[in-house]
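Before any comments, here is the structure.
None of these values were measured; they are calculated from a predicted model. Starting from 1, each residue takes its place in the sequence as its number.
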Amino acid sequence: MGAFIVIVILLIIALIVAASCIKIVPQAHAAIVECLGAYRATWGVGIHFRRPFVDRIAKKINLKEQVVDFPPQPVITKDNVTMQIDTVVFFQITDPKLFAYGVESPIMAIENLTATTLRNIIGDLELDETLTSRETINTKMRASLDVATDPWGIKVNRVELKNIIPPAAIQDAMEKQMKAERERREAILKAEGEKKSTILVAEGKKESAILDAEAEKQAAILRAEAHKEATIREAEGQAEAILKIQQANADGLRFLKEADPNDGVLKLKSLEAFAKAADGKATKIIIPSEIQGIAGLAKAVVEVGKENN
C-alpha cells in the first residue's frame, strides 16, 4: 500500500513537471530560453517544450510597437536661449536576443540617448529655427536614434517633439510680437478694404456719369429726330396745302376756260378781286387799267340810275 502511494505521488510530480515544461507564446511576443544560464533559443508564436531542470525562460519580450513619452529636457540653442523640450519616441523590438543581452535598461538608454541627441541638434539651431523646424528635428533625431539602437535590437520608427517651452521672457516677447503682427495685418486689411471701397465708389460714380451722359445723348438724339420729323411733317403739310391750292386754282381756271366767259364776266370777276384786295391792310394798291374802266362804267351806271329816279 505504501509503495502504491509513492508511485501515485511520483506520477503527480511527473505530470506537474511535464505541464510546467509546456509553454505557449502568444501573438506579437517572443521568449528568450536559456540552458544552464546560457542563451539557447528564441521562441516565437506557438507551443513549445522546454527541458525540465535545464532550460528556463529568461525573458518575455513584447514585439508590438511601443510609445515612450519622456519628460521635458533642458536644451540650449545656438543663440544661448535655454528651453524645455519633451519628446515622444515610437520604437519596436526587431531582435529579441539583442534586446535581451544588448543593453541594461533599454528604455533608460533610449531616454538618455534621446536627450543627448536633442541637445546636439538644438545646439546648432537658433531660437527661431528651433520653433519652426520641428519636422527637420524629428527626422534628424529618428535617424540618429535608429542607428544607435540598432545593436540593441530596437528600431526607432518615429520621433516627435511634443512641446517646446521657451523661457517666460521669450514667451512674453513672442506674444507681443504676434500681437503687433496681428495688429499690422489688421491695419493692412482695413486699409485695403477702405481702398477697395473708395475705388468701387469712384467707379460707381464714373459709371453713373457715363450712363447719365449716354442717356442725355440718347434723349438729345431722340429730341432732334422728333423735331426733324415734325419739321418734315409740317413741310409736307405746307407743300400739300400749296399743292391743293394750286390744284384748286388750276381747276378754277380750267373751269373758266371750259365755260368760255365773255368780257363782262371777266371784268366783273376782276372787280370782285379788287374789292377783296381793298379790304386788306396794304397801304398801296395798284389798280389795273381794265379795273379802272370797269369802275368808270359802274359810276356811269349809278349816275343813269339817279337821273331815272
Side-chain angles (χ1 to χ4, degrees), residues 128 132 135 173-309:
D128 294 338
T132 57
E135 190 64 29
M174 292 172 60
E175 290 178 358
K176 292 179 180 178
Q177 182 180 1
M178 292 175 61
K179 182 179 179 181
E181 182 66 19
R182 286 195 296 267
E183 291 177 352
R184 185 183 69 85
R185 292 180 180 178
E186 181 182 1
I188 292 174
L189 292 176
K190 184 177 180 181
E192 290 180 352
E194 292 178 353
K195 176 183 176 182
K196 290 181 179 179
S197 176
T198 304
I199 292 173
L200 291 176
V201 171
E203 289 180 351
K205 291 182 179 180
K206 176 183 175 181
E207 292 179 0
S208 177
I210 291 173
L211 292 176
D212 291 342
E214 187 68 22
E216 182 63 25
K217 175 183 175 182
Q218 294 294 333
I221 292 174
L222 293 176
R223 286 197 298 270
E225 290 180 353
H227 181 69
K228 174 183 175 182
E229 187 69 20
T231 303
I232 292 173
R233 295 292 178 86
E234 183 179 359
E236 289 177 352
Q238 292 178 358
E240 187 177 357
I242 293 173
L243 181 61
K244 289 183 178 181
I245 292 172
Q246 295 297 330
Q247 186 67 35
N249 291 335
D251 292 341
L253 292 175
R254 186 171 62 254
F255 177 76
L256 290 176
K257 183 178 180 181
E258 291 175 356
D260 193 16
N262 54 26
D263 292 339
V265 174
L266 292 176
K267 291 179 180 180
L268 182 59
K269 291 293 184 180
S270 299
L271 183 60
E272 291 176 356
F274 173 72
K276 291 180 180 180
D279 290 338
K281 297 180 181 180
T283 57
K284 293 182 179 181
I285 300 176
I286 301 174
I287 302 175
S289 59
E290 294 82 358
I291 296 178
Q292 290 180 359
I294 293 173
L297 178 60
K299 184 178 180 181
V301 172
V302 172
E303 291 295 334
V304 172
K306 287 181 180 180
E307 290 178 357
N308 291 331
N309 288 333

Nearest 0.5 angstrom please: [X] [atom1] to [Y] [atom2], how far?
{"X": "Q218", "Y": "L222", "atom1": "CD", "atom2": "CG", "result": "6.5 Å"}
{"X": "I245", "Y": "Q238", "atom1": "CD1", "atom2": "CD", "result": "10.5 Å"}
{"X": "E183", "Y": "K176", "atom1": "CD", "atom2": "NZ", "result": "12.5 Å"}

Query raised in the report: With sequence neighbours left out, which residue pairs that include part of residues 232-241 fulfil the salt bridge (charged side-chain N to carboxylate O under 4.0 Å, His left out) condition?
Result: E229-R233, E240-K244
Report task. Can you tell me which residue pairs pass the side chain to side chain donor-acceptor pair (under 3.5 Å) test with a partner in residues 185-198, sequence neighbours excluded? Result -> E181-R185
Query raised in the report: Is there any side chain to side chain donor-acceptor pair (under 3.5 Å) pair reaching into residues 201-212, and which pairs are they, with sequence neighbours excluded?
Result: none
**Report entry** Non-hydrogen atoms of T132 and D128 that approach each other most closely
**Finding:** OG1-O, 2.8 Å
